[in-house]
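What follows is a short report on a single structure.
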Amino acid sequence: MPELPEVEVVRAGLAPAVSGATVLGVAVLDERALTRHAGDGADFERALTGRVLRTAARRGKFLWMPVHGAGEAVVAHLGMSGQLLLRAPGSPPERHERVRLDIAHPDHGDLAVVFADQRTFGSLALDALVPTADGAAGGWGTDEAVVPTQVAHIARDPLDPAFVDAAFVVAARRKRSAIKRILLDQTVASGIGNIYADEALWAARIHPETPAADMSTRALRRLLAEVRSVLEKALAEGGTSFDAQYVNVNGQAGYFAHSLNAYGRTGQPCPRCGHPIVRVGFMNRSSHYCAHCQRRPRAVS
DNA sequence: GGAATAACCTGGATGC
DNA sequence: TGCATCCAGGTTATTC
């Protein structure tokens, strides 16, 4: 599932290909890929054709490509199964292809940027850019202090130089929810999904249902350090791929699935203590943890 | 206003 | 073999 490392791998692959490229044509094959776009497919095609893309930027799991001189950007979210692929012009349609942008780059020549998405949870949109709340750069891959309006409510991710640890601690301790819910809340810290939340909690030896308000500042900072460690390792290994759902812009899978300690390892021994990893339902999804070294906190009476 | 839950969606895995 | 059901989960609208 595309979380921060997977989206960053896609952004890094996309950036050199789209920076300075002119959009020659747009083909919307499935308008469900434009659920975040204010207009219809024809509007999306008309608004982008002939425009010049400037770069590829990212905050959390959101990607955007600013349009030169327009104060707008093409915003992309990969959802559960979205892919952004670079293909040769005129290449055969990808399975589940939803949108195709034909572009011309001054150095790399003609290319096709293909948005494919099996489950159609992902989307593209043309959206206005607005100033960031803190005046810092919008995210990775850009020096400009702007973000698309659809991304403005998303917090910075823990690898962002402008991320403020103290603000995370304050926000987390103000909540009455379980710590895993906080990690998945993109308005507190972005880029973390179910996989890396489970992995960071395992590394920090924290039970996923620990009330965030009961955690000490020290424990929250330790968890944040483990979040960063897990994200950086996954990024170095090209992200986590369980099947063909997540690939980079060239269609290649990442290797971090081999390094997982808790997620998806139900019944297998905990790499730390040997007790079996358990899986429990949580927020319409699953939590994986070691019940031995991630002890459930005692109820406060 | 904050927190919890349901809905969106498709294809692979599983059970019968 | 074929059909039905379950499951995966990011985001957001709705409900409590």
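Order of the sequence lines sets the chain letters (A, B, ...), proteins ahead of strands, with each chain counted from 1.
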Can you find a side-chain donor-acceptor pair between A/Lys233 and A/Ser259 that sits under 3.5 Å? no
Expressed as a whole number of angstroms, how long is the span from A/Ile192:CD1 to C/dT11:C1'? 16 Å
A/Lys61 NZ to C/dG10 C1', in whole Å, measures 6 Å
Return the value, rounded to whole Å, for the distance between atom CG of A/Leu4 and atom P of C/dT11. 11 Å
Can you check each nucleotide of nucleotides 5-11 of chain B against protein heavy atoms at under 4.0 Å and return B for base, S for sugar-phosphate only, - for none, in 5' to 3' order? BB-BBBS
Atom pairs under 3.5 Å: protein N/O with N/O of nucleotides 12-16 of chain C:
residue	atom	partner	partner atom	Å
C/dT12	OP1	A/Arg36	NH1	2.9
C/dT12	OP2	A/His153	NE2	3.4

Going by distance alone, is a donor N or O of one side chain under 3.5 Å from an acceptor N or O of the other, for A/Ser81 and A/Arg119? no
Divergence of helical axes at both termini of the helix from B/dG2-C/dC16 to B/dC16-C/dG2 - five pairs an end, 10° steps: 50°
OP1 or OP2 of C/dG9 less than 4.0 angstrom from a side-chain nitrogen or oxygen of A/Ser81, does that happen here? no
How close do A/Ala197 and A/Ile192 get, counting heavy atoms only, and between which atoms? N-CG2, 3.6 Å
To the nearest angstrom, how far is A/Tyr263 atom OH from C/dC7 atom C1'? 10 Å
Between A/Trp202 and A/Arg272, is there a cation-pi geometry (under 6.0 Å to ring centre, at most 45° from the normal)? yes
Atom CG of A/Asn194 and atom C1' of C/dG10 are separated, to the nearest Å, by 10 Å
Separation of atom CG in A/Leu63 from atom P in C/dT11, rounded to whole Å: 12 Å
Using atom CG of A/Asp185 as one end and atom C1' of B/dG2 as the other, report the distance to the nearest whole Å. 11 Å
In whole Å, I'd like the distance from the CZ atom of A/Phe282 to the P atom of C/dA8. 14 Å
Sequence neighbours excluded, the answer for side chain to side chain donor-acceptor pair (under 3.5 Å) partners of A/Arg181 is none
Electrostatic pair A/Asp157:A/Lys61 at N-O distance under 4.0 angstrom: no
With sugar-phosphate meaning primed atoms plus P, OP1 and OP2, does A/Ser286 contact a base, only sugar-phosphate, or nothing at under 4.0 Å between heavy atoms? sugar-phosphate
With sequence neighbours left out, the residues meeting side chain to side chain donor-acceptor pair (under 3.5 Å) with A/Arg11 are A/Glu8
When you measure from the side chain of A/Glu3 to the backbone N and O of A/Gly193, does any donor-acceptor pair fall under 3.5 Å? yes
Looking at A/Gln186, does any N or O in its side chain come under 4.0 Å of the phosphate oxygens OP1/OP2 on C/dT11? yes
Using only heavy-atom distances, determine whether the side chains of A/His96 and A/Asp117 contain a donor-acceptor pair under 3.5 Å. no
Going by chain and number, the hydrophobic cluster around A/Val280 (ILVMFWY, side chain to side chain under 4.5 Å) further includes A/Val278, A/Tyr289
Under a plain distance cut-off of 3.5 Å, with no hydrogens placed, do A/Thr217 and A/Arg222 share a side-chain donor-acceptor pair? no
Of the options C/dT11, B/dA4, C/dC7, whose atoms approach the side-chain atoms of A/Arg279 most closely? C/dC7
Hey, could you give me the CZ/CD distance between A/Arg87 and A/Glu94, rounded to the nearest 0.5 Å? 4.5 Å
